[in-house]
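All remarks here apply to the structure that follows.
Numbered from 1 within each chain, the chains take letters A, B, ... in sequence-line order.
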2 protein chains.
Amino acid sequence: MTKTSPSPEAIAAWARLMRVSRQLVERTEDALKAKGLPPLAWYDVLHELAEAGEGGLRPFELIDRVLLAQYGVSRLLARMEADGLVEKLPVSDDGRGQTVRITASGREMRRRIWAVYGACIADRMDGRLSAQDLKTLAGLLGRLRHPPASD
Amino acid sequence: MTKTSPSPEAIAAWARLMRVSRQLVERTEDALKAKGLPPLAWYDVLHELAEAGEGGLRPFELIDRVLLAQYGVSRLLARMEADGLVEKLPVSDDGRGQTVRITASGREMRRRIWAVYGACIADRMDGRLSAQDLKTLAGLLGRLRHPPASD
DNA sequence: TCCTTGTTGATGCAATTGCATCTATATGGA
DNA sequence: TCCATATAGATGCAATTGCATCAACAAGGA
């Protein structure tokens, strides 16, 4: 039988986590909107595809990386393809699937989003916490992750 | 001129924060859905109204507390009123406004949600971090908040 | 009083999301 | 081969959200 009642410390940390993460996301999304740039989820996809290189990624591989549902990935990729940011290629050994690759203008868009996104992160994180505190924070958050981070 | 390029530590902490908070929310929402209970936002409203007591709250007072847009609060309250969880009362000294108060079945719903929500918090937070670590985490997160927490 | 401006809350419409399901292909066993 | 089951991705429809705007009242000055 698992413990069902959280400690006051757990409640306080949870409340802070919920509120702060939402604030940070909202402010960042607002900054992107103000520049006429697409939402954070687009950056996540562009980032993953850029990391993946020429081989690209299969849509199902994006599901866990960007924490979207399968239909979310499907529709997000459709919109991004319509905007010319990614391209879909048939995959030879699996007739069901496709490979998604970032395009040149996708890379350009990624740079433009990062100019705003990176500045938000610098402002909100570096502006408030020391490098050491940021490491401590990342370590603690890592232990909340599923599966827990080892570091 | 603000710094525009985040440190590696800031990026790592940000990435952890984004990912962990989304995971925690998603798991909690799933647990609620599995029990046929409404989303977390409903709990937030019920919680605030319960804290506010008999006097209730004006809808605009909920905006910052639950981090929803004005129209989000308006529509969420409409749904909750339709479900009998809250009631709207005209307010005497301002003909535009209304006061929202939690009902008995709202309190009951709050209890039912907390049974699941609290268990999630206990499992995810107390199950992973010590009370001391939770305090440290809350303190660090507090400094990211806007406005920064003093503790 | 009248007019202008600000505040509170609701809503029409378009975009997005969630849910369930569908098509197409793959895989493995009878 | 044939069939049952699993996997990859798309999509119809309903619910929710975002954006812009609206209506109603408030507040303050001319």
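As rounded to whole Å, 8 Å separates atom P of C:dG18 from atom CG of A:L68. Rounded to an integer number of Å, the gap from B:K33 NZ to D:dA15 P is 15 Å. The distance from atom CG of B:L62 to atom P of C:dA10 is 12 Å, rounded to the nearest whole Å. Put simply, CG on A:L77 is 12 Å from C1' on D:dA10, counting in whole angstrom units. Between the CG atom of A:L57 and the C1' atom of D:dG9 there is a distance of 15 Å, given to the nearest Å. What separates CE of A:M80 from P of C:dA15 is a distance of 19 Å, to the nearest Å. At whole-Å resolution of the value, CG in B:L40 and P in D:dT16 are 15 Å apart. The CZ-P distance, from A:R22 to D:dT17, rounds to 11 Å in whole Å.
Salt-bridge formation is not detected for the pair B:D133/B:R128: no Lys NZ or Arg NE/NH1/NH2 atom is positioned less than 4.0 Å from an Asp or Glu carboxylate oxygen. Using a 4.0 Å cut-off between charged nitrogen and carboxylate oxygen, A:E108 and A:R111 count as a salt-bridge pair.
Nearer the 5' end of DNA chain C, as judged by each residue's closest nucleotide, is the contact made by B:R96, out of B:R96 and A:R79. Ranked by how close their nearest DNA chain D nucleotide is to the 5' end, A:G97 and B:A69 are led by A:G97. Positionally, the nearest nucleotide of DNA chain C for B:T99 lies more toward the 5' end than for the other of B:T99 and A:D93. Comparing A:P59 and A:R75, the nucleotide of DNA chain D nearest to each residue sits closer to the 5' end for A:P59.
One finds no side-chain N or O of A:Y71 lying less than 4.0 angstrom from the OP1 or OP2 phosphate oxygen of D:dA10. A close approach under 4.0 Å does not occur between any side-chain nitrogen or oxygen of A:R58 and OP1 or OP2 of D:dT7. Look at A:S74 and you won't find any side-chain N or O under 4.0 angstrom from OP1 or OP2 of D:dG9. A close approach under 4.0 Å does not occur between any side-chain nitrogen or oxygen of A:K88 and OP1 or OP2 of D:dA8.
No hydrogens or angles were tested; on distance alone, a donor-acceptor pair under 3.5 Å links the side chain of A:Q70 to the base of D:dA10. No hydrogens or angles were tested; on distance alone, nothing pairs the side chain of A:Q98 with the base of D:dA8 as donor and acceptor under 3.5 Å.
Contact check for A:M109 versus A:D83: no side-chain heavy atoms found under the 4.5 Å cut-off.
Considering all non-hydrogen atoms of both residues, A:L24 and B:L144 come closest at CD2-O, 4.4 Å.
Relative orientation of the A:Y43 and A:H47 rings is parallel, given thresholds of 30° and 60° on the angle between their planes.
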